[in-house]
Amino acid sequence: MRRDFLFLDPLERYADVGLLLLRLVTGAFLVHGVIDNIADGERMQEFASFLGANGFPVPGLLAPLSVYLQFLCGALLILGLFARWTALIVAVHFIVAVVMVHWSQDFRGWWPALVLVFIGLHIGFSGAGRLSLDRYLLNRRLA
């Protein structure tokens, strides 16, 4: 009994719920972060200008690529579909953001992008969990 209390072992049965919530909030954050760029061409142009000012080559091409990639990754994380690939793409995407944009900021400035790197790595290494389309499709294939 004391071991359960000390290490909270009974909470392990909710690990997939925690992973689902992490995927949902991260996916929603990614979608929310770019929806204005998708809906408004002027905002997309502002983002392209931001990329150009931060030393990215061909910002007119990279801005929509980044925006639609982030939107798609957010949607796939919400669904838990191709989650390992998606999460690793998110990690790489935000490593680039840290290096190209946030590097000159203090640690607080790095934090949102850095958290997305590590969430991406966590989901990439662990998968989407039982409460995902990945698991549903895997179980269906094995049946």
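If you read the sequence from its start, that first residue is 1, and numbering goes on from there. Only a predicted model underlies this, so the values are computations on that prediction, with no experimental measurement involved.
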Ignoring hydrogens, what is the shortest heavy-atom contact between A83 and A128? Give both atom names and the distance. CB-CB, 3.4 Å
Checking the side chain of D134 only, and the main-chain atoms of F82 only, is there a donor and an acceptor separated by less than 3.5 Å? yes
Spatial distance of atom CG (L133) from atom CD1 (I78) [nearest 0.5 Å]: 11.5 Å
Would you find a donor on one side and an acceptor on the other, under 3.5 Å apart, between the side chain of W110 and the backbone of H102? yes
Is D16 reaching over with its side chain to a backbone N or O of R130, donor-acceptor style, under 3.5 angstrom? yes
Search all heavy atoms of V98 against all heavy atoms of A113 and return the closest pair with its distance. CG2-CB, 3.7 Å
Side chains of V92 and L88: closer than 4.5 Å at any heavy-atom pair? no
Measure the shortest side-chain to side-chain distance between L30 and L116 over non-hydrogen atoms and say whether it is less than 4.5 angstrom. yes
Taking atom CD of Q70 and atom CZ of F29, what is their separation to the nearest 0.5 Å? 8.0 Å
Can you list the other members of the hydrophobic cluster that holds V101, where links are side-chain heavy atoms under 4.5 angstrom apart? V31, V34, I35, I38, M44, F47, F50, L51, F56, V58, L61, L62, L65, V67, Y68, F71, V96, M100
Hydrophobic cluster membership, V115 vs V117, 4.5 Å side-chain cutoff: yes
Would you say the side-chain atoms of R84 pair up with the backbone N or O of I123, donor to acceptor, closer than 3.5 Å? no
Distance in Å, F94 CZ paired with C73 SG, rounded so as to fall on 0.5 Å steps: 9.0 Å
Give the minimum heavy-atom separation between G124 and A87, together with the two atoms involved. N-CB, 3.5 Å
Can you hop from I119 to W111 via hydrophobic side chains spaced under 4.5 Å? yes
Are L79 and S132 close enough that some pair of their side-chain heavy atoms sits under 4.5 Å apart? no
Does one hydrophobic cluster hold both F107 and I95, with members joined at side-chain heavy-atom distances below 4.5 Å? yes
Using 0.5 Å steps for rounding, measure from the CD atom of E46 to the CG atom of D36. 8.5 Å
Indicate, with yes or no, if F118 and F125 share a hydrophobic cluster defined by side-chain heavy-atom contacts under 4.5 Å among Ile, Leu, Val, Met, Phe, Trp and Tyr. yes
Rounded to the nearest 0.5 Å, how far apart are CG of N54 and OG of S104? 7.5 Å
Are any side-chain N or O atoms of R13 and backbone N or O atoms of P10, one a donor and one an acceptor, separated by less than 3.5 Å? yes
For the pair R23 (side chain) and L131 (backbone), establish whether a donor and an acceptor sit closer than 3.5 Å, ignoring hydrogens and angles. yes
Looking at side-chain heavy atoms only, is the closest gap between H122 and L22 below 4.5 Å? yes
Any sub-3.5 Å donor-acceptor pair from S66's side-chain atoms to A63's backbone N or O? no
Could you measure the distance from the CG atom of L137 to the CG atom of L81? Nearest 0.5 Å is fine. 6.5 Å
Verify same cluster id: I89, L76 (apolar side-chain graph, 4.5 Å): no
